[in-house]
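Here is the naming used below: chain letters follow the sequence lines, and residue numbers restart at 1 for every chain.
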Amino acid sequence: MPNTSANSYWKANIKLVLSLLCVWFFVSFVCGILLVDVLDTIRLKGFKLGFWIAQQGSILTFIALILIYIREMDKLDSQYKQASSNDTEGEVK
Amino acid sequence: MSVQMWTYLFVFLSFGLYIGIAIWSRAGSTKEFYVAGGGVHPVANGMATAADWMSAASFISMTGLISFLGRDGTFYLMGWTGGYVLLALLLAPYLRKFGKFTVPDFIGDRYYSQSARLVAVFCAIVISFIYVCGQMQGAGIVFSRFLEVDVTTGVIIGMAIVFFYAVLGGMKGITYTQVAQYCVLIFAFMVPAIFISIMMTGQVIPQIGFGSELVDGSGYLLDRLDGLSQELGFATYTEGQRSTQDVFFITAALMFGTAGLPHVIIRFFTVPNVRDARRSAGYAMIFIAILYTTAPTVAAFARTNLINSVSNAEYSAMPDWFGKWETTNLISFDDKNNDGKIQYLGDAERNELTVSADIMVMANPEIAGLPNWVVALVTAGALAAALSTAAGLLLVISTSVAHDMLKRTFMPSITEKQELLSARLSILVAVLIAGYVGMNPPAYVAQVVAFAFGLAAASFFPAIVLGIFQKKMNKQGAISGMMAGFIFTASYIIYFKLLNPAASTANNWLFGISPEGIGTLGTLVNLCFAYAISKFTPDPPDDVQELVETIRLPGEA
């Protein structure tokens, strides 16, 4: 069954992408836009929190998300390569 | 040395560098011409993507817009960076694995249809062309203000430079000049920002100065700015004025649009493999974030500085820069109460000063009294931003014509040499038309540029994402979705921006969404059509479903 590892790779990939996109949506749309006035009541030195997330924090989060994605996908890729080379052992490819 | 001399020096040196790189990186094959041979290092591709992406609008206009919009300006910041997350997670790795040259290539092969390919070619050309005209116009303005040549000469110089390295080197030349242009533009943006941050808050890093106390002892920068705004009757800087749903929709439209812009997507075809495509999206995000986290700080510094220097000041005692910008009509003063002083107020009846958003970056170093070489640096940076984006867009137009229309559709028998020649000829034609539009700008070009995003969001973004994540999506669904999204978005924008601008108020807008944000709804229209129609039409053939399986897996393309 050469397809099992391919399927689980794709499922793990979807799960990773969806969870990262949840954070993406939460930080930018929920904190940066929908709840911005509520968060603005919290102050961090010279910044109102909502304003800071909207103009600085969201962008820093985006960088972190992509870096996590790169790292996790590299791991997933090497796992998949091992699994698929076990799958196809003895077959001529 | 005077500002003028420094400007000539910087522009001359940077252009010399671009031409040198172009000669060094001539393209010999279509693969080199379209995707730089597919061997670009991810860091270099990250820089090139960042320069490709950051246009004259990002460099010149965005900071000024944020300066006047305050917190509402956030939609530019989050919209134009958040799209990279979508690009990195949903598009770049799969399109690289697919391993062809252009976006219409993917649409045409994935949806096994020449009509799908042609619809994609049409969308790509319209989007890129609207966008490139804006760049040419931007370059023309910069030339005319700083080199004191007229706009026509300015546009011709810009055209000649872009034409030279785009025609000679194709994607290869463009990639390596974009790397140089990124360095020039980020340096030119950061130096004045750091200077002003030190001057106003004593902090070297502008992002920290943004939240620090002012050195003159008047409290935190943002509190001071809020206070000044209220005193003069402007909206409070850190509070929003637009409706929440409008900000939400504009942000989403800019994000989806960013992820669907063909000139950005094709940059990911130039790296060696899938792993490097992911990496270069990460580098691009970091390189872009340097400018995008600095821009809101410059916006706040420049706004505070502007108010402090002009409010209630004697008109006759204004420094040099004021008069210089007055001659370009980007600043205008009308002494309504004849007291000889400048009243800069939120109340339109009594306000005597109008300042164009476009000059906030350009005039900021002069307003702050920075050294001449810093003022001159901004010119070189703005030109680098305009030219690098223009080159990337021209390449999309040229590949769409030479590769997608001629080679893949109408004249499949042409040789590689002929294809390369037609790619070069189509750049020539595109440069000439864009230059003509840049010299005789129709009043609406600047506004329309932002709408290239709406169109990209409503046409390409859903079609590509569905093509990767929905194996059963078929050609009927994709084509009707792209057409419905494109037509819906284009008609909404054309109606409110061109035909009946007077009616463009929140009451008349659909669900209170401005034309800037309508692309989000266009994306949804596209998705609904695609799903509904694909349910009633046959599934895609087996070999296409297999193609989708392959691009989902890692491994060499």
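B:Phe210 has its ring centre less than 6.0 Å from the ring centre of A:Phe47.
Looking at A:Tyr9, only its side chain comes within 4.5 Å of chain B, counting heavy atoms on both sides. Heavy-atom distances place the side chain of A:Ser58, and not its backbone, under 4.5 Å from chain B. B:Ala295 does not touch chain A: none of its heavy atoms, backbone or side chain, sits under 4.5 Å away. Looking at A:Leu16, neither its backbone nor its side chain comes within 4.5 Å of chain B, counting heavy atoms on both sides. Contact annotation for B:Ile288: neither backbone nor side-chain heavy atoms come within less than 4.5 Å of a heavy atom of chain A. Looking at A:Arg71, neither its backbone nor its side chain comes within 4.5 Å of chain B, counting heavy atoms on both sides. For A:Lys48, the part sitting under 4.5 Å from any heavy atom of chain B is the side chain, from C-beta outward, and nothing else.
Nearest heavy atom pair, residue B:Phe248 against residue A:Leu34, reads CD1-CD2, 4.0 Å.
Atoms OH and CD1, from B:Tyr283 and A:Ile63 in turn, are 13.0 Å apart once rounded to the nearest 0.5 Å. To the nearest 0.5 angstrom, A:Ile33 atom CD1 is 12.0 Å from B:Arg242 atom CZ. Taking OG1 of B:Thr244 as the start and CZ of A:Phe29 as the end, the distance is 13.0 Å to the nearest 0.5 Å.
Ranked by heavy-atom pairs under 4.5 Å with chain B, the list A:Gly32, A:Gly50, A:Ala54 is led by A:Ala54. Ranked by heavy-atom pairs under 4.5 Å with chain B, the list A:Val36, A:Leu20, A:Leu67, A:Ile14 is led by A:Val36.
For residues 69-90 of chain B, the pairs satisfying salt bridge (charged side-chain N to carboxylate O under 4.0 Å, His left out) are A:Asp37-B:Arg71, A:Asp40-B:Arg71, with sequence neighbours left out. A salt bridge (charged side-chain N to carboxylate O under 4.0 Å, His left out) check over residues 197-206 of chain B, counting only residues at least two apart or in different chains, returns nothing.
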Exercise for the section: Kindly indicate, with the supporting measurements, whether the criterion ring-ring contact (aromatic ring centres under 6.0 Å, His included) is fulfilled by B:Tyr84 and A:Trp24. Expected result: CA-CA 11 Å; B:Tyr84 269 85; A:Trp24 167 82; over 10 Å; no

